[in-house]
Amino acid sequence: MKMYVKIREILKEKGMTQKDLAEKTGIAPTTISFICRDATTTLNKEHLARIAEALGIRDFNELLGWKE
(Lines give C-alpha, C1' and ligand atoms only; values in the text may rest on other atoms or scores of the structure.)
Protein backbone atom coordinates (compact mmCIF):
# COMPACT_ATOMS: atom_id res chain seq x y z
CA MET A 1 0.00 0.00 0.00
CA LYS A 2 1.07 3.54 -0.66
CA MET A 3 0.17 6.72 1.21
CA TYR A 4 -0.96 9.77 -0.76
CA VAL A 5 -2.28 13.24 -0.01
CA LYS A 6 -5.94 13.71 -0.99
CA ILE A 7 -5.58 17.38 -1.95
CA ARG A 8 -6.97 16.94 -5.46
CA GLU A 9 -10.20 15.40 -4.14
CA ILE A 10 -10.54 17.97 -1.35
CA LEU A 11 -10.02 20.88 -3.74
CA LYS A 12 -12.73 19.50 -6.02
CA GLU A 13 -15.15 19.15 -3.07
CA LYS A 14 -14.48 22.74 -2.01
CA GLY A 15 -14.62 24.16 -5.54
CA MET A 16 -11.03 25.39 -5.34
CA THR A 17 -8.16 25.20 -7.79
CA GLN A 18 -4.52 24.41 -7.16
CA LYS A 19 -3.80 28.07 -7.89
CA ASP A 20 -6.29 29.12 -5.18
CA LEU A 21 -4.54 26.84 -2.71
CA ALA A 22 -1.10 28.14 -3.69
CA GLU A 23 -2.29 31.71 -3.08
CA LYS A 24 -3.84 30.85 0.30
CA THR A 25 -0.79 28.97 1.54
CA GLY A 26 2.08 30.86 -0.04
CA ILE A 27 3.36 27.54 -1.41
CA ALA A 28 4.64 27.58 -4.99
CA PRO A 29 2.05 26.37 -7.52
CA THR A 30 4.55 23.82 -8.85
CA THR A 31 4.91 22.34 -5.38
CA ILE A 32 1.13 22.11 -5.00
CA SER A 33 0.99 20.42 -8.41
CA PHE A 34 3.67 17.87 -7.45
CA ILE A 35 1.76 16.99 -4.28
CA CYS A 36 -1.58 16.72 -6.13
CA ARG A 37 -0.06 14.46 -8.79
CA ASP A 38 1.61 12.30 -6.14
CA ALA A 39 4.91 13.06 -7.87
CA THR A 40 6.94 13.49 -4.71
CA THR A 41 8.32 10.87 -2.36
CA THR A 42 8.72 13.20 0.62
CA LEU A 43 6.30 15.63 2.21
CA ASN A 44 7.26 18.84 3.95
CA LYS A 45 5.47 18.97 7.33
CA GLU A 46 5.26 22.76 7.17
CA HIS A 47 3.60 22.57 3.77
CA LEU A 48 1.10 19.98 4.99
CA ALA A 49 0.26 22.14 8.01
CA ARG A 50 -0.31 25.22 5.82
CA ILE A 51 -2.42 23.21 3.36
CA ALA A 52 -4.52 21.73 6.17
CA GLU A 53 -5.08 25.17 7.68
CA ALA A 54 -6.04 26.69 4.32
CA LEU A 55 -8.53 23.88 3.69
CA GLY A 56 -9.99 23.97 7.21
CA ILE A 57 -8.74 20.48 8.04
CA ARG A 58 -8.07 19.72 11.69
CA ASP A 59 -7.51 15.95 11.43
CA PHE A 60 -4.65 14.82 9.19
CA ASN A 61 -6.56 11.58 8.57
CA GLU A 62 -8.83 13.66 6.32
CA LEU A 63 -5.81 14.78 4.29
CA LEU A 64 -4.07 11.42 3.85
CA GLY A 65 -5.21 8.27 2.11
CA TRP A 66 -3.95 4.85 1.09
CA LYS A 67 -4.00 3.15 -2.29
CA GLU A 68 -2.77 -0.19 -3.51
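In this text, all values refer to a predicted model and were calculated from it rather than measured experimentally.
Distance check: I27 CD1 to R50 CZ gives 4.5 Å after rounding to the nearest 0.5 Å. Note that CG of L48 and CD of E46 are 9.5 Å apart. Values are rounded to the nearest 0.5 Å. Atom CD1 of I35 and atom CD1 of I32 lie 5.0 Å apart (nearest 0.5 Å). Atom NZ of residue K12 and atom SG of residue C36 lie 13.0 Å apart, to the nearest 0.5 angstrom. Taken from CD in E23 to OG1 in T17, the straight-line distance is 7.0 Å, to the nearest 0.5 Å. Atoms NZ and CD1, from K24 and I51 in turn, are 12.5 Å apart once rounded to the nearest 0.5 Å.
The closest side-chain heavy-atom distance from M16 to I10 is not below 4.5 Å. Contact of the R37 side chain with the Y4 side chain is not registered, since no non-hydrogen atoms from C-beta on lie closer than 4.5 Å. For the pair H47 and T31, the minimum side-chain heavy-atom distance is below 4.5 Å.
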Return all side-chain donor-acceptor pairs below 3.5 angstrom for residues 58-68, not counting sequence neighbours, or 'none' if the list is empty.
residue : atom : partner : partner atom : Å
D59     : OD1  : N61     : N            : 2.9
D59     : OD1  : N61     : ND2          : 3.2

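More than 12 heavy atoms of other residues, nucleotides or ligands lie within 6.0 Å of NZ in K6, so this atom counts as buried by the packing criterion.
Salt bridge annotation for D38-K2: present, with a cationic side-chain nitrogen under 4.0 angstrom from a carboxylate oxygen.
Hydrophobic clustering (side-chain heavy atoms under 4.5 Å, transitive across Ile, Leu, Val, Met, Phe, Trp, Tyr) keeps V5 apart from F34.
Side-chain atoms of T25 come within 3.5 Å of backbone N or O of L21 as a donor-acceptor pair.
The shortest heavy-atom contact between A28 and A22 is C-CB, 4.4 Å.
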